[in-house]
Amino acid sequence: MTDPNDPRPPGFETLAIHAGAAPDEKTGARNVPIYQSTAYVFDDADHAASLFNLQTFGYIYSRLTNPTVSALEEKVAALEHGRAAVACSTGHAAQMLTMYVLMNPGDNFVASRNLYGGSITQFSHAFKKFGWNVNFVDPADPENFRDAIDKNTKAIFLEVLANPGGIIIDLEPVAAIAKDTGIPLIVDNTMATPYLCKPFEWGADLITHSMTKFLGGHGTSMGGVVVESGRFDWAQNDKFPSMTEPDPAYHGLTFYETFGDFGFSTKAKAVALRDLGPTLAPQNAFNIITGIESLPVRMDRHLQNAQAVAEFLEGHPAVAWVSYAGLKSSPYRALAQKYLPKGPGSVFTFGVKGGYEAGVKVVESVELLSHLANLGDTRSLIIHPASTTHRQLTEDQQIASGAGPDVIRLSIGLETIDDILADLGQALDYAAAKAAE
Ligand SMILES: *Cc1c(COP(=O)(O)O)cnc(C)c1O
C-alpha cells in the first residue's frame, strides 16, 4: 500500500502504466476494457435529464464520451501534470477543437512558422474558411510573438521541439508574453512527449498532441488530445465569451463559472466534440493506452539511437549538415538542455549534398528504413519533405519551415543501431555515386 508518510508523487513510469487504469470494478479486468458501445442505458428519466444538463458525470453517446477514451484522457492529463484532457480522432482534430473553443470569425492567433507541415496547411487554408486567421512568426526571437499580437488575437501556438527542423523554442519568455497579453499559450508537444518536456512547468496553458506518433508509438492508430493546465483565468478579460458567457447551445450554461479549472475541457467535449464530431474510436484509445505504458523505455532507446545516427551522419562525406540538438555543433544545444534535459527526441533533419535530386535518391534506396509520412514509430522512418509533406508549400515557405530541397527527415526507431547505420550508409553512398556519374 501507499505509505501515507511518503509525500512523493508517483513517478512518470508508474503513471504511464497506472494513471486512469484502475482494475474494472465489476469484472476485475486488469486492463482497461475496450467499451465498444455507441450508447449507454439511463437509470431513469431524471438520470437522463441530469446527464444531458451536465449535472451528473456519466455516459450518453460515444461521440461525446466513452469509458475507454476517458481512461486515456486521464492518463495523458496525469503525464502532462494537467487538470483534464479531451481525446479525439487525430492531432489535427485536437487543434480544431481547441481553436473552436477560443476563436470567433474575425479572430486570429499567432503561430510559430516552424510547425508540422500539415498544421501550416490547416491553419492557412481550412481555418480561414471558419474566419480564423493566423499570423506566422519566426520563433527565434520571442518578441516576434508579442509584435504580432493585436486586439483580436486569442492564442499563441508553437511546437517546443519543432518538426521538421529539430528547432527548439525558448518557451519561458513566450509564456510570459502570453500571460502579459491575457491569452493562452498552446504547445503542440507531439515531438517531445511529456517524458521529455513538460510545457505546463514553463507556463503553457494548453497542450495538444498527435497521439498517432510517440504516445501510441507503434504506427497503428490515429489519435489526438488537448490537455488543459487548469490555471488559465478565462474571466480576466472579455476575449473568451465562449468560456465566460451563457452558451445558447447549452441552454444558457456558463462553462468557466460551472466547471472552473476543467471548464475548457468540458466545453471542448460537450460542445466542440459534440457538434463537430471527430471522436476517437475506443479500439484506437485502447491501442494508444497500451503504447503509452512503454513510452519511457521506448523514448530512452529512441534518444540513444537518434544520437548515434546524428553523430554518424555528421561524419559522413555525402552529408552537408545535421540539425539535431543533441550534437555539440547545434545552436539549440543550450535550449535543449533546459527544456528537454533527457534529450531532444528522435526526429531530426539533415542536408544531403546534391540537393533535391540527391534527397530523392536517398529515400528511394533505403531498405530497412521505411519511406513514408509518419513519425514516432518503433520502425525507423525517412522522408524527403520537399517532395512530400511540405510539397503544398511554396519554396520560400519550405525553406522558412526547415524543409528546403536538400532536407531529409528521419524518425529514428528502435531497431539494432548497427543495422540502422548500415542502411543509411549504403543509401548515402549510392546517392553520392549517382550524383558523381
Ligand atoms: C502528426 C502531427 C500532427 C497532426 O496529427 P495527426 O494525428 O496526423 O492529425 C500535429 N503536430 C505534429 C507535431 C505532428 O507530428
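Ring-plane geometry between F123 and F157 is classed as perpendicular, the angle between the planes exceeding 60 degrees on a 0 to 90 degree scale with a lower cut at 30. Ring pair H92/Y116 is perpendicular by interplanar angle, where above 60° counts as perpendicular and below 30° as parallel. The aromatic rings of W202 and Y339 lie perpendicular to each other, with more than 60° between the two planes, well past the 30° mark.
A salt bridge does not link R301 to E415: none of the charged side-chain nitrogens sits closer than 4.0 Å to a carboxylate oxygen.
Smallest separation of non-hydrogen atoms from L97 and P278: CD2-CG, 4.0 Å. Of all non-hydrogen atoms in L115 and E159, the two that sit nearest each other are CA-OE2, 3.3 Å.
At a cut-off of 3.5 Å, with distance as the only test, a side-chain donor of N189 or E80 sits close to an acceptor on the other residue.
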(message) Test side-chain contact (heavy atoms from CB on, under 4.5 Å) on W321 and E314; report intermediate values, then the result.
(response) CA-CA 7 Å; W321 51 266; E314 201 167 45; over 6 Å; no

(message) Would D24 and K26 count as a salt bridge (charged side-chain N to carboxylate O under 4.0 Å, His left out) here? Give the steps.
(response) CA-CA 6 Å; D24 185 64; K26 289 221 170 67; over 6 Å; no

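Remark: K342 is positioned above the aromatic ring of Y195, its terminal NZ or CZ atom under 6.0 angstrom from the ring centre and at most 45 degrees off the axis.
To the nearest 0.5 angstrom, L421 atom CG is 10.5 Å from L368 atom CG.
Between the side chain of K353 and the backbone N or O of A318, no donor-acceptor pair lies under 3.5 Å.
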